[in-house]
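These notes concern the structure reproduced below.
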Amino acid sequence: MDAASTERILNTLPLLNERQRRLYLANEAKAIGHGGITQVSKISHVSRVTITQGLHEINQENYKPQHQTRSRKQGAGRKTIQTKNPQILQEIDQLLEPHTKGDPTNPLKWTSKSTRNIEKTLKQKGYQISDTTITDILKTQGYSLQANKKDLAIKPSHPDRNAQFEYINKTAKEYLNAGNPVISIDAKKKENIGNFKNNGVEYSKKHEPVETLDHDFPIKELGKATPYGVYDVFKNAGFVNVGLSGDTAEFAVESIRKWWYMMGQQVYGGVKSVYVTADSGGSNGVRVELWKVKLQELADELGVSFRVSHFPAGTSKWNKVEHRLFSFISKNWRGKPLVSLAVVVGLIGGTTTEAGLRVECVVDHSEYRRGVEVSDVELLAVNLQKDVFHGEWNYTISPTCTTN
């Protein structure tokens with residue numbers, strides 16, 4: 001072909017969709033005659049098979065270009081593995097969940113398993129998938145490659161830290177299979193109520209930002225709000241009790257009580273045990289005696305046992321309430337001043353995700369005293385049974401009497 005024809009083809013191709021390119025190149029090849037398919041294929045870098053297909057289309061008797069609006073026939077093209085095997089996403093997630101590293105509150109996750117190893121494991125399960133496809137799926141699911149980061153404390157982590165993670169994961173699956181609830185609990189950091197700057201950005205008219213106070217000193221009349229979260233792990237449902245008093249063990253147990261009466265019993269009425277995952281510190285910490293005493297009171301009131309597992313010190317961000325509930329609440333109210341209690345409740349209750357998260361929020365006006373001491377008699381009355389594996393982290397508090 002001459003230079004002018006070559007230039008014409010190369011300048012025209014970028015303007016066409018898939019079908020138009022196919023038919024255009026077929027017409028160019030037809031005009032050349034013998035050897036036209038080969039010449040056009042070399043210039044355009046489009047396969048001979050595609051150009052031949054175009055020739056078949058324009059040679060058909062019923063060919064009507066003005067009626068052809070699609071590049072392909074309806075439903076044509078190779079189906080993705082997600083379409084053919086919808087469960088592939090769950091399979092990959094199950095492979096990665098125990099091995100996920102880093103800060104789970106970050107929307108980007110990363111994994112120590114290579115795509116080649118994932119490919120090998122999935123093929124052993126009967127899936128035909130390439131490491132390239134796995135890479136694409138991981139990107140859409142929020143994973144990314146990450147370099148090492150100097151972020152570890154000098155003090156070494158507990159030697160059984162990972163074993164505790166696996167123990168919690170195993171116990172949670174047992175409760176799921178038995179139809180019993182698994183809840184993750186924690187208190188979010190206190191928030192000043194008032195027209196204070198809230199981190200994050202939102203769209204607004206240019207040069208018209210929301211104006212807030214130039215200081216962060218609390219306003220005594222408005223106070224502070226402490227959101228305490230109860231996250232139902234397998235129902236993807238959150239409950240937040242917004243306290244205006246101290247973050248105490250009594251407040252923590254009261255938040256569980258409110259969750260049960262407002263959400264839990266509607267779904268799990270009749271169950272005899274609830275699995276609770278919590279941090280090792282704070283109002284629901286391992287060494288907090290009032291936490292155990294108040295949880296015993298709730299167990300007696302509901303006639304339900306509470307099996308508790310604490311995450312090792314320094315690993316609170318792995319508690320699911322952090323990255324499946326609190327992180328989305330923070331995103332929902334970013335850039336919005338929490339000017340009133342009503343705004344706090346509205347923004348928390350309005351938090352949703354594409355995965356179907358729903359959140360209920362209530363205000364707790366009760367006063368909770370700090371520094372409440374527990375007597376030896378009260379502590380001995382707690383019906384606590386320690387697990388064989390790290391009984392200081394894992395234990396069950398059962399009712400001491402039968403409720404009506």
Side-chain angles (χ1 to χ4, degrees), residues 175 179-188 190 225-279 281-286 288-310 319-321 324-326 329 341 344-345 348-349 358-370 372 374 378-379 381-385 395-404:
Y175 269 67
N180 291 327
V182 178
I183 59 174
S184 171
I185 63 171
D186 195 16
K188 199 178 188 299
K190 289 186 177 181
T226 303
Y228 195 99
V230 180
Y231 176 72
D232 187 330
V233 174
F234 296 115
K235 298 297 183 183
N236 193 26
F239 174 83
V240 179
N241 186 31
V242 180
L244 304 177
S245 182
D247 177 19
T248 67
E250 186 178 3
F251 173 56
V253 174
E254 179 61 25
S255 298
I256 298 175
R257 176 183 282 104
K258 289 179 183 294
W259 164 79
W260 175 259
Y261 284 119
M262 296 186 66
M263 295 182 71
Q265 69 176 356
Q266 300 173 15
V267 181
Y268 301 107
V271 301
K272 294 301 180 183
S273 185
V274 176
Y275 187 39
V276 181
T277 63
D279 295 350
S283 58
N284 45 237
V286 172
V288 182
E289 296 176 346
L290 185 61
W291 155 253
K292 297 180 176 67
V293 169
K294 290 299 179 180
L295 199 59
Q296 179 67 68
E297 292 178 2
L298 183 59
D300 291 340
E301 176 184 333
L302 303 180
V304 173
S305 297
F306 288 94
R307 186 170 183 180
V308 182
S309 286
H310 294 273
N319 201 0
K320 292 189 183 297
V321 69
R324 290 193 179 179
L325 178 61
F326 288 161
I329 291 174
L341 189 58
V344 173
V345 173
I348 292 176
R358 59 186 179 88
V359 183
E360 288 195 24
C361 183
V362 297
V363 178
D364 191 335
H365 293 281
S366 300
E367 286 287 334
Y368 297 100
R369 293 188 297 116
R370 296 182 179 274
V372 176
V374 174
E378 289 177 308
L379 195 58
V382 176
N383 186 18
L384 187 148
Q385 179 68 42
Y395 52 86
T396 301
I397 295 178
S398 302
T400 54
C401 59
T402 304
T403 57
N404 293 328

Among all residues two or more places apart in sequence or in another chain, which pass the side chain to side chain contact (heavy atoms under 4.5 Å, CB included) test with [X]?
| X | answer |
| --- | --- |
| Asn236 | Tyr231, Thr353, Ala355, Leu357 |
| Arg370 | Lys190, Thr248 |
| Lys272 | none |
| Thr396 | Ser305, Arg307, Asp387, Ser398 |

(message) Would Glu254 and Arg257 count as a salt bridge (charged side-chain N to carboxylate O under 4.0 Å, His left out) here? Give the steps.
(response) CA-CA 5 Å; Glu254 179 61 25; Arg257 176 183 282 104; 2.7 Å; yes
Residues forming a side-chain hydrogen bond (donor to acceptor under 3.5 Å, both in side chains) with [X], sequence neighbours excluded:
| X | answer |
| --- | --- |
| Thr226 | none |
| Ser309 | Tyr275, Asn394 |
| Tyr395 | Trp291, His310 |
| Lys235 | none |

Check residues 258-267 and write down every donor-acceptor pair under 3.5 Å in which the side-chain atom is one partner and the other belongs to a residue at least two apart or another chain.
| residue | atom | partner | partner atom | Å |
| --- | --- | --- | --- | --- |
| Tyr261 | OH | Glu301 | OE2 | 2.7 |
| Gln265 | NE2 | Tyr261 | O | 3.4 |
| Gln266 | NE2 | Met262 | O | 2.8 |

(message) Looking at every heavy atom in both Leu244 and Ala225, which two are closest together, and how far apart are they?
(response) CD2-CA, 4.5 Å
(request) Heavy atoms only: give me the nearest Val233-Lys320 pair and the separation to one decimal. (result) CG1-CD, 3.8 Å
(request) If a pair satisfies salt bridge (charged side-chain N to carboxylate O under 4.0 Å, His left out) and one of its residues is in residues 238-253, list it, with sequence neighbours excluded. (result) none
(message) The criterion is ring pair (Phe, Tyr, Trp, His ring centres under 6.0 Å); which residues satisfy it with Tyr228, sequence neighbours excluded?
(response) Phe251
(message) Donor-acceptor pair, distance only, cut-off 3.5 Å: does the side chain of Asp279 make one with the backbone of Asn284?
(response) no
(request) Please confirm whether the backbone N or O of Tyr368 pairs with a side-chain atom of Ser245, one donor and one acceptor, at under 3.5 Å? (result) yes
(request) Kindly write out the residues that satisfy salt bridge (Lys or Arg N to Asp or Glu O under 4.0 Å) with Lys294, not counting sequence neighbours, or none if the list is empty. (result) Glu297
